[in-house]
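One structure below.
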Protein chains: 2
Amino acid sequence: MTESETRPTPANPGSPRGEQTRQLIVDTAVRLFAERGYEQTTMRLVAGEAGVSLGNAYYYFGSKEHLVQAFYERIQAEIRAAALPAIADTRDFTGRLRRVLHVNVDVMASYHEFAGKLIRTAADPASPVSPFSPESAVAREASISLFQEVVSGSKVRLDSRLRAQLPELLWLASMGITLYWVHDNSPAQARTRLLIDRAAPVVGRLVEATRLTVLRPITNEVLELVDVLRQPRVSSTKGGSGR
Amino acid sequence: MTESETRPTPANPGSPRGEQTRQLIVDTAVRLFAERGYEQTTMRLVAGEAGVSLGNAYYYFGSKEHLVQAFYERIQAEIRAAALPAIADTRDFTGRLRRVLHVNVDVMASYHEFAGKLIRTAADPASPVSPFSPESAVAREASISLFQEVVSGSKVRLDSRLRAQLPELLWLASMGITLYWVHDNSPAQARTRLLIDRAAPVVGRLVEATRLTVLRPITNEVLELVDVLRQPRVSSTKGGSGR
DNA sequence: GAAGGGACTTGAACACGTTCAAATTCCAAC
DNA sequence: GTTGGAATTTGAACGTGTTCAAGTCCCTTC
């Protein structure tokens, strides 16, 4: 696992000198990924088009997957930039959720085929591209905070404990939708659109239902379950800042 | 995609003559996968240990993933064989569900690391190993029918329409649990065990709750949603037996 | 038993991701 | 302006999955 600690941190040096080269490689890779897909974009091609040597590309990016990671971060930023304005004019929870999810699909639309390959490495727990990996923490937090925005900007009424967990749950749900979207072979992924339009109200209704007294026991159980679900983040320090 | 139709069906010939060789390769591959994991098990090694040439292995299995597929099918059969006796002595829905899920984890336990790589190709919509692919139909149906058994053998009371969809939903949930399990780095995947023990009662309670009149609207919505979710199986025939 | 043809088998060759020792460039300190 | 070392850059080389043209084997047909 983490036994490559001996090497003096190749890939991803923070120094300023090579930053330009680094960006050049990223730009080229992102473009080629979009143009030709994952497999057709070889490291040799990226290096060639970027005007650097093969080994040099590996100096900045430890693997092809790290380039995918960079691609992923760009997409996430794009989604965020498009989503925030999209929900600015409504305080309806369901509406806000629906719009954010649609923006997700909108932005990813051009990369549907590419995403099929991307999801491969994303599903690997050992891959840095995994949405649950430490390397993805930045993008993940950003995405969760977007759903935090969805909740806090709305006038939804719900169980207070759920309110704290909801953003993360919504993010998880969006991961599920993305997984569905990847498998969606309907024209223009219309089925996913339908799913979003249908699922958002259901989620809204379920969330509001957590205030019902009848459902209190179940609500409690579900909330506890979510706590169990949450994997402790990997860290070498023992104890950490406990819950 | 399916443009390799020109070749005279290499890989997977149904003829009897090479069946022995085929089995030999599968056996060797499964053993090596279990012993050394996915990456360490090279096609050359499989071929060598099986006593055939590299090209010969590719004659029977179009790719390394097809070997994984074979591995997957064995696991599924093993799970089924272990699960059925395990639920024979109780008619409690939650209990039955819990046991089946535990058997799942039991059987897969030895392959936890390997599963991390397996899930990679499993997540790829284009891969035959994907649980949603036509190639996996047999294993999938078998698995769903196991959950059908869980439901029909229990004395659970629930909305009648849900009863029809529940087995598939449970299968889907088990996929989710497997995904969680793959990411579970707690010792002996204890966290997944905990998840199962906690989630089973919640599911049981939720399922029984579908009979509550208060929840009728939400139940309806959720059931319709599931209908939308269901991807139409890929098929060249137009129309099909639509609802 | 010879001929034919399909099933099966082979190993070399290819392209790719990745590694690495060696070279080059750059900049600060003297 | 020379020097030392770190940052950067290079291209050859390795091991892998996969392909393929060329065989070899085995059974049917005459």
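Just the heavy atoms: all of them, side chains too, but no hydrogens, waters or symmetry mates, feed the values below. Here is how names work: the chains are called A, B, and so on, in the same order as the sequence lines, proteins then strands, and each is numbered from 1.
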Could you pull out all donor-acceptor pairs under 3.5 Å where a side-chain atom in residues 45-57 of chain B meets a protein atom, sequence neighbours excluded?
{"from": "B/Glu49", "atom 1": "OE1", "to": "B/Arg31", "atom 2": "NH2", "distance (Å)": "2.9"}
{"from": "B/Ser53", "atom 1": "OG", "to": "B/Asn56", "atom 2": "N", "distance (Å)": "3.1"}

In whole angstrom, give the distance that lies between atom [atom1] of [X] and atom [atom2] of [N].
X       : N      : atom1 : atom2 : answer
B/Tyr58 : C/dG11 : OH    : C1'   : 14 Å
B/Leu67 : D/dT18 : CG    : C1'   : 13 Å
A/Asn56 : C/dT18 : CG    : P     : 16 Å
A/Leu54 : D/dA12 : CG    : P     : 11 Å
A/Glu19 : D/dA7  : CD    : C1'   : 13 Å
A/Phe61 : C/dG17 : CZ    : P     : 15 Å
B/Tyr60 : C/dA7  : OH    : P     : 11 Å
B/Ile25 : C/dC8  : CD1   : P     : 11 Å

*For D/dT19, does OP1 or OP2 lie under 4.0 Å from any side-chain N or O of B/Tyr59?*
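Negative; the distance criterion is not met.
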
_Any B/Thr21 side-chain nitrogen or oxygen under 4.0 Å from OP1 or OP2 of C/dC8_ =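 The answer is no; no side-chain N or O of B/Thr21 sits under 4.0 Å from OP1 or OP2.
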
*With a 4.0 Å cut-off, would you call B/Asp227 and A/Arg198 a salt bridge?*
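The answer is no: the pair does not qualify as a salt bridge.
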
*Less than 4.0 Å between a side-chain N and a carboxylate O, is that true for B/Asp106 and B/Arg193?*
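Between B/Asp106 and B/Arg193 there is a salt bridge, with a charged N closer than 4.0 Å to a carboxylate O.
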
*Shortest non-hydrogen separation from A/Val103 to A/Ala86 and the atoms involved*: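 Answer, listing the atom of A/Val103 first, then A/Ala86: CG2-CB, 4.1 Å.
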
Between the protein and nucleotides 23-27 of chain C, list the N/O to N/O atom pairs that are separated by less than 3.5 angstrom.
{"from": "C/dT25", "atom 1": "O2", "to": "A/Arg17", "atom 2": "NH2", "distance (Å)": "3.2"}

Could you pull out all residues at least two apart from [X] that satisfy salt bridge (charged side-chain N to carboxylate O under 4.0 Å, His left out)?
X        : answer
B/Arg191 : none
A/Arg80  : none
B/Glu65  : A/Arg120

*Strictly under 6.0 Å, is that where the ring centroids of A/Phe33 and A/Tyr111 end up?*
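Between A/Tyr111 and A/Phe33, which both carry aromatic rings, the centre distance is not below 6.0 Å.
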
*asked:* Taking the cut-offs as 6.0 angstrom to the six-membered ring centre and 45 degrees off its axis, would you call B/Arg36 and B/Phe114 a cation-pi pair?
replied: no

*Return the residues of residues 31-52 of chain B meeting this criterion: a heavy atom under 4.0 Å from some atom of DNA chain C. Order them by number, or give none.*
B/Arg44, B/Val52

